[in-house]
Amino acid sequence: MFKGFQFPQHIILMSVRYYVSYKLSYREIEEILAERGIRVDHATINRWVIRFAPIMEANARRLKRQTGSSWRMDETYIKIKGEWWFYYRAVDKKGDIVDFYLSKTRNTEAATAFFKKAIGTNGLPEKVVIDKSGANRAGLEYLNMLFLLGGYFLFLGIEIVDVKYLNNIVEQSHRSIKQKMVQALGWKSEEGAKASMSGQETWTMIKRGQVGDPLIPAWERFYTLAA
């Protein structure tokens with residue numbers, strides 16, 4: 001995976017981790033590395049994040065522990081190339097990450113796509129807490145209908161709850177993504193936004209003990225995802 005790169009694997013992975021783990025810009029990471037005698041341009045670090053963060057997120061997804069069956073789902077605004085996109089996320093009642101999904105639209109189709117992705121990784125939830133969005137409810141009701149028509153006769157349906165205070169936990173967990181967006185003054189490309197989010201969500205899952213042995217330091221668990 002690292003064949004043909006000028007810098008060794010540990011420098012590349014350390015740079016990626018610095019960016020997705022801390023409130024550091026590419027230029028700040030460039031300065032930190034320069035202090036250690038490592039001359040890397042900030043644009044190169046950007047390319048490393050775009051290349052490797054999604055790969056490590058995909059590997060983390062395969063190792064992620066099962067989340068609880070009661071989900072809290074919400075979406076937030078993300079600015080990309082001067083336009084507002086929608087970032088769908090869900091956590092369980094303990095705050096562990098269920099899944100995330102970036103969409104240019106906020107409608108039933110986007111909500112359905114998010115739920116299909118989340119269910120594909122985590123299995124069917126018993127309950128999903130949403131906001132007052134009619135699109136999110138419509139997406140869940142559509143999936144309930146599909147499962148019933150598909151022969152899941154013992155399936156009682158995903159319970160849909162729209163009690164706002166129960167969703168505080170997922171609204172608060174948006175903060176790190178929003179802070180990175182502000183720091184970046186809005187992402188310049190969809191590719192860059194997705195890579196940054198993939199890396200940040202991966203780091204959060206590791207820190208919460210959802211990926212790897214919690215007795216092993218978080219940074220080591222992050223690096224093993226590139227193995």
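This structure is a prediction, so every number in the text was calculated from the model and none was measured. The chain is numbered in sequence order, starting from 1.
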What's the verdict on salt bridge (charged side-chain N to carboxylate O under 4.0 Å, His left out) for K64 and D96, showing C-alpha distance, side-chain angles and the deciding distance? CA-CA 10 Å; K64 182 167 73 76; D96 288 342; over 6 Å; no
Starting from I206, can I reach L13 by hopping between I/L/V/M/F/W/Y residues whose side chains sit under 4.5 Å apart? yes
Answer yes or no: does atom CD of E126 have more than 12 heavy-atom neighbours from other residues, nucleotides or ligands under 6.0 Å? no
Report yes if the side chains of I38 and I11 come closer than 4.5 Å at any heavy-atom pair, otherwise no. yes
I'd like to know if R137 pairs up with D162 as an ion pair, taking the criterion as any Lys NZ or Arg NE/NH1/NH2 lying under 4.0 Å from an Asp or Glu carboxylate oxygen. yes
Value for CD (E28) from CD1 (I45), rounded to nearest 0.5 Å, stands at 11.0 Å
Please determine whether the number of non-hydrogen atoms from other residues, nucleotides or ligands lying under 6.0 Å from atom CZ of R65 exceeds 12. yes
To the nearest 0.5 Å, how far apart are CD1 in I216 and CZ in R221? 7.0 Å
Are any non-hydrogen side-chain atoms of L102 and W85 less than 4.5 angstrom apart? yes
Run the salt bridge (charged side-chain N to carboxylate O under 4.0 Å, His left out) test on E83 and K104 for me, step by step, so that the C-alpha distance in whole Å, both residues' side-chain angles and the decisive distance to 0.1 Å come before the verdict. CA-CA 9 Å; E83 297 182 352; K104 200 166 187 177; 3.7 Å; yes
Output side-chain donor-acceptor pairs under 3.5 Å for residues 111-120, partner residues at least two apart or in another chain, one line each.
from : atom 1 : to   : atom 2 : distance (Å)
T112 : OG1    : T108 : O      : 2.8
K117 : NZ     : F100 : O      : 2.7

I'd like to know whether NZ of K81 has more than 12 heavy-atom contacts from other residues, nucleotides or ligands below 6.0 angstrom. no
Derivation of the salt bridge (charged side-chain N to carboxylate O under 4.0 Å, His left out) call for R106 and E75: CA-CA 9 Å; R106 184 191 186 204; E75 68 276 350; 2.6 Å; yes
How far apart are the C-alpha atoms of W48 and F7, what are their side-chain angles, what is the distance that settles it, and do they pass the ring-ring contact (aromatic ring centres under 6.0 Å, His included) test? CA-CA 11 Å; W48 290 346; F7 291 87; 5.6 Å; yes
Once you round to the nearest 0.5 Å, how far does CG of N46 lie from NZ of K188? 9.5 Å
Would you check if E57 and E201 make a side-chain contact, meaning some heavy-atom pair closer than 4.5 Å? no
Within a radius of less than 6.0 Å around NZ of K207, do more than 12 heavy atoms belonging to other residues, nucleotides or ligands occur? no
Side chain proximity check, K79 to M181, heavy atoms < 4.5 angstrom: yes
Ion pair check, R27 and E31, cut-off under 4.0 Å: no
Taking the side chain as every heavy atom from C-beta outward, state whether Q179 and K23 have any atom pair closer than 4.5 Å. yes
Under 3.5 Å, is there a donor-acceptor pair linking the side chains of W187 and S196? yes
Do the non-hydrogen side-chain atoms of L63 and L225 ever get within less than 4.5 Å of each other? yes
Selection residues 52-84 - residue pairs positive for ring-ring contact (aromatic ring centres under 6.0 Å, His included), sequence neighbours left out: F2-F52, F5-F52, Y77-F86
Taking side chain as C-beta onward, heavy atoms only, is E159 less than 4.5 Å from V128? no
